[in-house]
Protein chains: 2
Amino acid sequence: MTNKITVTPSLQDYLETILNLSEYNKKVRITDIATELNVAKSSVHQAVTQLDKIGLVVHERYGPLELTEKGRREALKVRDKHEILVKFFTEVLGVDSEIAHNDACLIEHVISQETIDKLIEFFEKYVKKQSKGGNSI
Amino acid sequence: MTNKITVTPSLQDYLETILNLSEYNKKVRITDIATELNVAKSSVHQAVTQLDKIGLVVHERYGPLELTEKGRREALKVRDKHEILVKFFTEVLGVDSEIAHNDACLIEHVISQETIDKLIEFFEKYVKKQSKGGNSI
DNA sequence: AATAATTATTAGTCTTACCTAACATTTATT
DNA sequence: AATAAATGTTAGGTAAGACTAATAATTATT
């Protein structure tokens with residue numbers, strides 16, 4: 001196995017959401033995450049407690065929460081995967097953007113970094129070709 | 001949501017394995033599946049019982065088991081996804097084949113049929129271009 | 001045919017990740 | 001400052017999907 005999953009898909013979703021929310025809110029609250037992920041506040045609470053325990057988030061009782069540097073890095077990894085997947089699906093394959101988004105939300109948690117790196121490489125070459133030749137592939 | 005998952009990823013894995021095993025063995029036994037999936041026989045038993053209940057497999061106590069037509073169709077859907085994913089990863093992206101296989105094993109359960117269809121379309125065009133132009137993309 | 005070996009089943013347990021409902025704390029409103 | 005509203009926490013429960021260990025049934029071997 002090459003895909004050692006350190007943080008579960010579920011926790012990755014929480015991290016990613018916290019990252020996104022922190023980008024306009026600064027203060028991220030349990031309720032915001034619950035709303036965003038369509039999940040009970042108590043579920044968020046337990047997830048955040050776990051993330052705190054493994055040092056990916058800092059959270060004090062009744063207070064707001066923040067990603068640690070390590071948590072931020074982990075969140076970015078997931079979000080970057082999401083973004084290249086969506087770009088590839090929509091711009092290269094021509095998949096409808098809602099479907100692309102849904103698929104990316106699931107695939108981002110299981111695809112290896114190796115494959116993602118190759119996909120990025122490919123995508124960059126592809127875009128270059130497109131802008132030159134205007135070719136169909 | 002577009003990805004209505006009727007059969008869980010876990011059950012899809014069982015179906016796929018049963019399909020593969022039935023292709024040289026004809027008689028598929030619980031133990032074979034357990035060995036193949038690296039899982040306890042009791043886990044296979046409960047999964048098979050579920051698949052039987054929803055009409056994807058026929059299984060009688062202490063006997064061998066078989067896919068129903070419906071089960072076979074479901075299994076093929078998953079395996080076809082696996083195959084195009086591996087081909088794309090290895091032949092287009094140049095991913096190492098073990099990594100490609102591992103990634104495909106996880107992605108096959110969550111990627112939509114829409115995206116797979118577009119990927120197949122793309123792959124066919126790509127192969128055609130390659131054989132003509134011998135181009136790098 | 002009797003016994004050993006293999007295979008299948010059952011019962012009970014564990015973990016993950018969700019839930020609801022009750023309660024506690026903080027923040028906002030009058 | 002008192003009370004209402006919002007937010008956070010805790011306790012207890014559920015379902016999926018795995019596990020081990022014990023038992024039952026089948027198949028092979030002597």
Side-chain angles (χ1 to χ4, degrees), chain A residues 1 3-18 21-22 25-54 56-67 71 74-75 78 105-106 108-110, chain B residues 1 3-18 21-22 25-54 56-67 71 74-75 78 105-106 108-110:
Chain A
M1 252 307 201
N3 278 356
K4 48 175 173 182
I5 293 178
T6 31
V7 177
T8 64
S10 168
L11 290 183
Q12 285 176 8
D13 268 334
Y14 286 104
L15 287 175
E16 203 181 359
T17 301
I18 294 167
L21 287 174
S22 69
N25 260 8
K26 213 61 199 163
K27 299 273 170 218
V28 178
R29 282 162 312 141
I30 298 263
T31 300
D32 304 331
I33 303 171
T35 304
E36 191 68 18
L37 286 177
N38 250 292
V39 137
K41 284 178 296 169
S42 59
S43 305
V44 178
H45 179 80
Q46 74 84 21
V48 166
T49 301
Q50 268 186 276
L51 291 171
D52 187 308
K53 208 171 293 178
I54 58 182
L56 300 180
V57 136
V58 176
H59 179 225
E60 46 192 82
R61 270 172 133 267
Y62 293 100
L65 54 97
E66 257 186 313
L67 292 172
E74 189 65 33
V78 180
C105 276
L106 299 172
E108 67 191 21
H109 304 296
V110 299
Chain B
M1 254 304 202
N3 279 357
K4 48 176 171 183
I5 293 176
T6 30
V7 177
T8 64
S10 167
L11 290 182
Q12 285 175 9
D13 268 334
Y14 286 104
L15 287 175
E16 203 181 0
T17 302
I18 295 168
L21 287 173
S22 69
N25 261 7
K26 211 66 198 159
K27 300 274 170 217
V28 178
R29 283 162 313 143
I30 299 264
T31 300
D32 304 331
I33 304 171
T35 305
E36 190 67 19
L37 286 176
N38 250 293
V39 137
K41 284 179 294 169
S42 59
S43 305
V44 178
H45 178 80
Q46 76 83 21
V48 166
T49 301
Q50 269 186 275
L51 291 171
D52 188 307
K53 208 170 293 177
I54 58 179
L56 299 180
V57 136
V58 177
H59 180 226
E60 47 192 83
R61 272 173 132 267
Y62 292 99
L65 54 97
E66 255 186 314
L67 292 172
E74 189 65 31
V78 180
C105 275
L106 299 172
E108 67 191 19
H109 304 297
V110 299

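In the text below, chain A, chain B and the rest are named by the order of the sequence lines, each starting its count at 1. FYI, side chains are in, hydrogens and waters are out, and symmetry mates aren't considered; it's all heavy atoms of this structure.
Rounded to an integer number of Å, the gap from A:Glu60 CD to C:dT26 P is 11 Å. Between the C1' atom of D:dA16 and the NE2 atom of B:His109 lies a distance of 15 Å, rounded to the nearest Å. The distance from atom CD of B:Gln50 to atom P of C:dT9 is 15 Å, rounded to the nearest whole Å. Going from atom CG of B:Leu11 over to atom P of D:dA15 covers 16 Å, rounded to whole Å. Whole-Å rounding puts the B:Leu51 CG to D:dA16 C1' distance at 14 Å. If you take NZ of A:Lys53 and C1' of C:dT16, they are 14 Å apart, rounded to a whole angstrom. Rounded to whole Å, atom P of D:dT9 lies 12 Å from atom CZ of A:Arg29.
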Using a cutoff of under 3.5 Å, can you pull out all pairs of nitrogen or oxygen atoms linking the protein to nucleotides 19-21 of chain D, with atom names and distances?
unit_1, atom_1, unit_2, atom_2, d
D:dC19, OP2, B:Ala40, N, 2.7
D:dC19, OP2, B:Ser43, OG, 2.6
D:dT20, O4, B:Ser42, OG, 2.7

Distances under 3.5 Å between nitrogen or oxygen atoms of protein and nucleotides 22-28 of chain D:
unit_1, atom_1, unit_2, atom_2, d
D:dA25, O4', B:Tyr62, OH, 3.4

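Between A:Val28 and A:Ser22, the closest side-chain pair of non-hydrogen atoms falls below 4.5 Å. Proximity of B:Ile18 to B:Ile33: side-chain heavy atoms (C-beta onward) are separated by under 4.5 Å at one or more points. Between A:Val39 and A:Val44 the shortest side-chain heavy-atom distance falls below 4.5 Å. You'll find the side chain of B:Leu65 stays beyond 4.5 Å of the side chain of B:Leu51, heavy atoms only.
For the pair B:His45 and C:dA8, the criterion of a side-chain N or O lying under 4.0 Å from OP1 or OP2 is not met. Taking only side-chain nitrogens and oxygens, A:Tyr14 comes nearer than 4.0 Å to OP1 or OP2 of C:dC18. Residue A:Thr31 places none of its side-chain N or O atoms closer than 4.0 Å to OP1 or OP2 of D:dA6. A:His59 has a side-chain polar atom (N or O) that falls below the 4.0 Å cut-off from OP1 or OP2 of D:dT9.
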A:Tyr14/A:Val48 under side chain to side chain contact (heavy atoms under 4.5 Å, CB included): CA gap, chis, key distance, verdict: CA-CA 8 Å; A:Tyr14 286 104; A:Val48 166; 5.7 Å; no
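Side-chain atoms of A:Asp32 come within 3.5 Å of backbone atoms of A:Arg29 as a donor-acceptor pair (strictly under, hydrogens ignored). A:Glu66 contributes no side-chain N or O that, together with a main-chain N or O of A:His59, makes up a donor-acceptor pair within less than 3.5 Å. The backbone N or O of A:Val58 sits nowhere less than 3.5 Å from a side-chain atom of A:Asp52 that would complete a donor-acceptor pair.
Closest approach of B:Asp13 to B:Glu108, counting heavy atoms only: OD1-OE2, 3.8 Å.
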